[in-house]
Amino acid sequence: MIRARLACVFGASTTLIALPPSLTAQASAYVPLDDIAYTYVNSLVARGFFRGLSTLERPYTERALRVAIDSARTREPSRVINTYLDALYRAVEKYAVRPGNSDSTAAEAFRARGTVDAYATAQTSGRRELMLSDERKSVRPGGSIRLAMAGGPVVGFVRTLIDSRLNTDPEFAGRKDRKLAGRTEDGYVSGQWKYGELAFGRTGRNWGPPTLDGLMLGDYAYSYDHLYGLFGSENIHWSTVIARLDNLVPVAGPEVQRYFSIHRLAVHLGNWDFAGTESYVYSGVARGFEPSLANPFNIFGLSWRNERQDGNLGLGGEIAVRTERFGTLTSQIFIDDFQLDRSCNPNCKQPSSYGLTFAAEGLPLTGDQRWFASYTRVSNLAYRNKTPSDSYEVFGVGLGRGFSDYDEMKVGVDLALVPRTPLRVSLAHRRQGEGSYNVPYPLPADYATTPGMFSGVLMGVTRAAVAGATRWRDFEVGGDIGLNHITNDAHVTGISRTAFEGRVKFAVEPRWSISF
């Protein structure tokens with residue numbers, strides 16, 4: 001059955017590749033979400049640039065960013081903003097198969113280009129979320145090897161990391177007993193056409209506000225293999241991700257296979273973006289892909305009700321508006337399990353589980369300076385399920401947010417004072433309960449005493465920080481440095497701690513490359 005579906009996928013891809021030139025587009029690689037390019041993108045979007053790019057869907061392709069940069073230059077930006085555009089252009093060039101000329105639609109010949117970098121990461125925490133630092137201080141070397149290949153509407157890309165920082169990350173599920181840790185962070189083939197896209201492989205994706213992980217599809221988890229599809233135009237399109245997750249290996253009994261499907265209908269009207277999202281995590285012993293749950297144009301909720309397809313259903317909505325005066329305003333909601341029944345037995349009276357986010361970017365100050373604010377909240381039972389194998393995670397890390405049972409408020413200023421160096425100065429406060437999607441779901445007898453938010457001892461974290469990036473010739477530096485004040489540290493009543501917590505990455509990006 002799986003072979004038959006793969007044959008259909010590749011057959012469809014072959015048909016689309018053979019379409020007339022008017023229906024195809026020149027393909028280019030995605031710019032990974034962990035690249036400092038997005039520090040520049042966020043800063044430029046906050047100042048009204050890049051309106052042609054999606055507000056709520058990332059990553060962007062290298063070609064899309066090049067086109068956006070050229071469009072931004074026609075608006076005669078200030079001197080500092082011009083340096084941001086220059087730095088962004090150089091940052092994304094390493095993903096091009098034709099550096100300096102990747103926007104030429106006449107280049108249909110197959111080309112390939114390899115690049116490398118070397119870097120060091122200095123950090124005070126092995127855990128990536130600095131608001132929840134684990135105090136594992138280290139300086140770790142790393143490097144990456146990249147290969148981009150493209151011809152006409154097809155592109156392939158591989159990025160392999162050799163990074164000993166992975167050995168200190170408690171959320172990395174790979175081996176940590178070797179001096180050189182590594183993983184394939186990106187590896188995919190993608191067909192990109194005027195009215196559609198089909199990709200298979202791994203790369204980070206984020207559906208949500210620009211500076212936050214999406215509630216239903218985020219970039220906090222390490223990249224995993226999936227099938228991605230998009231059909232439609234900039235004004236209306238349907239997108240989907242279908243993935244085989246890691247197996248659940250119980251203490252006793254057979255392994256349980258796990259699967260993830262998510263799809264999204266997005267509409268763009270003037271300055272407004274709207275989207276509705278539906279997700280499904282399902283599992284079972286020797287269970288394969290379910291046609292009704294892998295079909296991107298099916299409504300999972302109806303299959304759940306009418307066809308008795310067991311699983312964990314999630315619903316979500318997103319809205320964004322870009323204004324000239326008040327910047328970009330976004331909102332997202334995720335409903336994991338909301339109690340609407342007027343009457344039911346005690347087994348269905350658990351607290352509602354959900355997540356929500358409100359964010360404002362690019363609020364005006366003076367000149368090129370801006371300020372921002374956000375509030376996000378993820379409930380205690382969000383991402384969990386009564387069936388443990390249906391939890392909303394891969395290798396123990398959330399498919400949306402990396403944590404649950406918390407809320408966080410943040411406010412700050414987005415400064416454009418130093419050439420090539422966007423900076424964000426922020427003050428944030430987080431309330432973190434002991435709830436986690438990696439602990440068992442409560443029993444029905446415990447529903448009455450299970451809190452909807454903030455289970456156990458509430459930990460508070462207040463952080464004042466400076467985050468930013470800069471690029472100068474062959475060197476890139478990006479990081480986040482700040483001061484944390486923690487109450488009820490590690491959820492122990494009465495224990496407080498104040499400490500500097502941060503992470504800085506220094507990278508050398510040689511200009512030379514190997515082209516084929």
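- Side-chain rings of F395 and Y222 stay apart, their centers remaining 6.0 Å or farther from each other.
- Between R159 and D34, at least one side-chain N (NZ, or NE/NH1/NH2) sits under 4.0 Å from a carboxylate O, which counts as a salt bridge.
- In summary, E476 and K94 engage in a salt bridge, as defined by a charged side-chain N under 4.0 Å from a carboxylate O.
- In this structure, H226 has its ring center no closer than 6.0 Å to that of Y228.
- The ring-ring contact (aromatic ring centres under 6.0 Å, His included) test with Y392 singles out one residue from Y282, Y383, Y437, and that residue is Y383.
- For the residue pair D273 / H268, a side-chain donor-acceptor distance below 3.5 Å is found, with atom types taken as modelled.
- Considering all non-hydrogen atoms of both residues, W207 and I262 come closest at CZ3-CG1, 3.8 Å.
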**Request:** Go through the steps for Y259 and F289 under the test ring pair (Phe, Tyr, Trp, His ring centres under 6.0 Å), then give the verdict.
**Result:** CA-CA 7 Å; Y259 303 89; F289 281 109; 4.8 Å; yes
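- Look at R165 and D169 and you find a salt bridge, because one of the NZ, NE, NH1 or NH2 atoms lies within 4.0 Å of a carboxylate O, short of that distance.
- Using a 4.0 Å cut-off between a side-chain N of Lys or Arg and a carboxylate O of Asp or Glu, R146 and E509 qualify as a salt bridge.
- For E361 and R370, the salt-bridge test fails: no basic side-chain N is under 4.0 Å from an acidic carboxylate O.
- Ion pairing of R511 with D474 is present here, as a side-chain N (NZ or NE/NH1/NH2) and a carboxylate O approach within less than 4.0 Å.
- In summary, E129 and R430 engage in a salt bridge, as defined by a charged side-chain N under 4.0 Å from a carboxylate O.
- Of all heavy-atom pairs between Y30 and A199, the closest is OH-CB, 4.1 Å.
- A salt bridge links D414 and R424; the closest N-O separation between the charged side-chain nitrogens and carboxylate oxygens is under 4.0 Å.
- Exactly one of T55, L44, V67 qualifies for a side-chain contact (heavy atoms from CB on, under 4.5 Å) with F50. That residue is L44.
- Between T39 and R471, the side chains place no donor N or O within less than 3.5 Å of an acceptor N or O (distance only, hydrogens not considered).
- Ion pairing of R202 with D186 is absent here, as no side-chain N (NZ or NE/NH1/NH2) approaches a carboxylate O to less than 4.0 Å.
- Looking at D86 and R420, no side-chain N of the basic residue comes within less than 4.0 Å of a carboxylate O on the acidic one, giving no salt bridge.
- Residues L212 and A359 approach most closely at CD1-CB, 4.4 Å, considering heavy atoms.
- Between the side chains of D368 and S78, at least one donor-acceptor pair of N or O atoms lies under 3.5 Å.
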**Item:** From CA spacing to verdict: side chain to side chain contact (heavy atoms under 4.5 Å, CB included), R51, N271
**Value:** CA-CA 9 Å; R51 289 184 174 269; N271 292 328; 3.7 Å; yes
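- Classified by interplanar angle (parallel below 30°, tilted 30° to 60°, perpendicular above 60°), the ring pair H263/F300 is parallel.
- Comment: R264 engages E57 in a salt bridge, judged by a side-chain N to carboxylate O separation of less than 4.0 angstrom.
- The nearest pair of heavy atoms linking S28 to Q192 is O-NE2, 3.0 Å.
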**Asked** So F157 and S190, side chain to side chain contact (heavy atoms under 4.5 Å, CB included) or not? Walk me through it.
**Response** CA-CA 9 Å; F157 181 76; S190 172; over 6 Å; no
